[in-house]
Amino acid sequence: MAVDPLIELRDVNKHYGTLHVLQDINLTVGRGEVVVIIGPSGSGKSTLCRTINRLETVESGTILLDGKPLPDEGKDLAGLRAEVGMVFQSFNLFAHKTVLANVSLAQIKVRKRKKEEADKRSRQLLERVGLADQADKYPAQLSGGQQQRVAIARALAMSPKALLFDEPTSALDPEMINEVLEVMQQLAQEGMTMVVVTHEMGFARSAANRVVFMADGKIVEDRTPEAFFTAPESERAKDFLSKILKH
Amino acid sequence: MKVLTDNFALYGEGFLGTVQLTVYASLLALVLGFLMASFRVAPVGSFRVFGTVWVTVLRNTPLTLLFFAVLLGLPRFGLVLPFQVFAVLALGCYTSAFICEVLRSGINTVPTGQGEAARSLGMSFGQTLGSVVLPQAFRSVIPPIGSTLIALAKNSAIAGAFSVTELLGTYKTLNELGYSIVWTFVWIAVGYLIITLSISLLFHVLEKRYGVAR
């Protein structure tokens with residue numbers, strides 16, 4: 001287990017109506033660790049990811065970030081969210097703002113940086129994700145892969161302690177998946193703490209420290225990628241892997 | 001034609017009265033409507049209830065009844081103001097309910113992911129609404145807000161029945177003076193057209209300027 005836990009979930013439960021989407025979830029993510037969550041659709045992996053910055057509330061159990069429990073609504077919660085970046089499946093770039101303004105907005109509003117200072121940092125981050133030349137375009141003028149890289153730059157702009165990725169490549173053309181995964185690989189190598197919900201098994205294998213396999217709202221396996229992919233323990237995981245690795 | 005030239009001052013006064021009522025009540029309606037729309041999407045339950053009650057009561061009350069309530073009701077509670085101010089209050093509050101609903105439907109056209117992204121970056125409810133959601137909602141609500149304000153301009157005629165100087169009310173004086181009723185009303189209609197077409201034009205320009213396709 002991780003020596004220095006950054007994110008801890010203890011006995012977390014959540015229902016959607018009668019559907020028990022999260023059942024007694026216990027998960028610890030150490031500082032600098034990359035945890036990939038995989039599993040069939042509807043297994044609760046996206047919900048789990050979204051509970052970590054409280055975009056989804058939980059009914060019971062505790063979630064600790066850096067040893068402190070998640071605050072309820074209000075200023076404290078906003079403060080926490082600024083520390084945990086999130087990248088969404090549908091990018092969710094602000095449609096009415098340029099790429100540069102997308103990356104700068106929260107720096108100015110939340111971190112209270114000056115506009116010039118924020119823009120400078122934004123340009124550096126756009127450079128880092130390879131999009132410095134797109135700064136003045138609007139999101140709709142970019143390809144999906146480019147939009148997702150902007151979204152990563154936007155999350156990084158807050159200097160978060162951890163990044164959550166909710167199926168970051170699921171809405172992308174196969175050609176564009178790699179450009180996003182490369183950025184994520186790079187972040188992983190730099191020691192960013194990441195929780196990644198994905199169907200990209202290649203990424204899980206190469207970048208993850210641990211693979212968490214979820215099914216029907218439960219964590220079924222939590223192991224190293226090597227162990228998980230070569231010798232899954234549960235029938236459910238074997239079945240899942242046989243289906244996705246067949247093609 | 002003689003009706004207009006002979007009584008230009010009277011028409012002018014009425015026209016100005018209607019313009020004043022329209023402008024002040026529009027401003028009040030926009031401010032209150034904006035506030036109520038924020039209430040209706042607020043994370044705090046009691047705000048949402050207040051917003052809902054406001055809209056339900058005002059939108060479902062006939063405007064004439066609301067005028068009676070304000071002009072005759074409020075003085076009973078010791079609040080005595082000029083009739084024109086009362087008229088602006090009644091018109092503004094009434095229209096704010098419609099503005100609120102227009103704004104809210106605009107807010108609903110903005111994908112939820114936009115708000116989620118803003119919140120995930122640590123922005124507060126107010127910042128999310130003000131910097132991300134409303135600017136995008138604004139684009140789709142320009143035409144219906146224009147319609148609502150045109151309706152307000154025409155509704156202001158009711159104030160005439162409560163002895164507030166406005167355009168429609170001028171017909172009483174002119175009628176007594178023996179002018180042709182038809183021409184009296186034709187010129188009144190022209191006056192209303194000037195106001196409503198100006199609002200149309202203003203909103204057309206706004207739509208051209210801000211109503212960018214997403």
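In what follows, chains are A, B, ... by sequence order, proteins preceding strands, each numbered from 1.
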Exercise. Would you indicate whether A:Tyr16, at its atom OH, is surrounded by more than 12 heavy atoms from other residues, nucleotides or ligands within a distance under 6.0 Å?
Key: yes
Quiz item: For the side chain of A:Asn92 and the backbone of B:Gly113, is there at least one donor-acceptor N/O pair under 3.5 Å apart?
Solution: yes
Practice problem: Count the heavy-atom pairs under 4.5 Å between each of A:Arg111, A:Met86, A:Lys109 and chain B, then report the option with the highest count. | Solution: A:Lys109
Quiz item: Heavy-atom count around B:His204 NE2 within 6.0 Å, excluding the residue itself: above 12?
Solution: no
Quiz item: chain B contacts: which residues in residues 147-159 of chain A have a non-hydrogen atom closer than 4.5 Å to it?
Solution: A:Arg154, A:Ala155, A:Met158
Exercise. With a 4.5 angstrom heavy-atom cut-off, could you sort out which part of A:Lys97 is near chain B: side chain, backbone, both or neither?
Key: side chain
Using atom types as modelled, flag every donor-acceptor pair under 3.5 Å from a side chain in residues 124-138 of chain A to any protein atom, sequence neighbours excluded.
unit_1   : atom_1 : unit_2   : atom_2 : d
A:Arg128 : NH2    : A:Glu190 : OE1    : 2.5
A:Gln134 : OE1    : A:Lys137 : NZ     : 3.0

Quiz prompt | B:Gln127 versus chain A, the contacting section by heavy-atom distance below 4.5 Å | solution = side chain
Quiz item: Any donor-acceptor pair under 3.5 Å linking the side chain of A:His96 with the backbone of B:Ser131?
Solution: yes
Quiz item: Of all of A:Leu105, A:Val84, A:Asn53, A:Leu80, which one pairs up most often with chain B through heavy atoms under 4.5 Å apart?
Solution: A:Leu105
Practice problem: Check the surroundings of atom OH in B:Tyr192: do more than 12 heavy atoms from other residues, nucleotides or ligands lie under 6.0 Å from it? | Solution: yes
Quiz item: Above 12 or not: heavy atoms from other molecules or residues under 6.0 Å from CZ of B:Phe34?
Solution: no
Quiz prompt | A:Phe91 side, atom CZ; B:Gln114 side, atom CD - distance, nearest 0.5 Å | solution = 12.5 Å
Quiz item: So do A:Arg81 and B:Leu121 actually touch side chain to side chain, heavy atoms under 4.5 Å?
Solution: no
Quiz item: Under a 4.5 Å heavy-atom cutoff, which of A:Leu77, A:Leu164, A:Leu93, A:Val87 has the most pairs with chain B?
Solution: A:Leu93
Quiz item: Do you know the tightest heavy-atom contact between A:Phe94 and B:Ala117?
Solution: CE2-CB, 4.0 Å
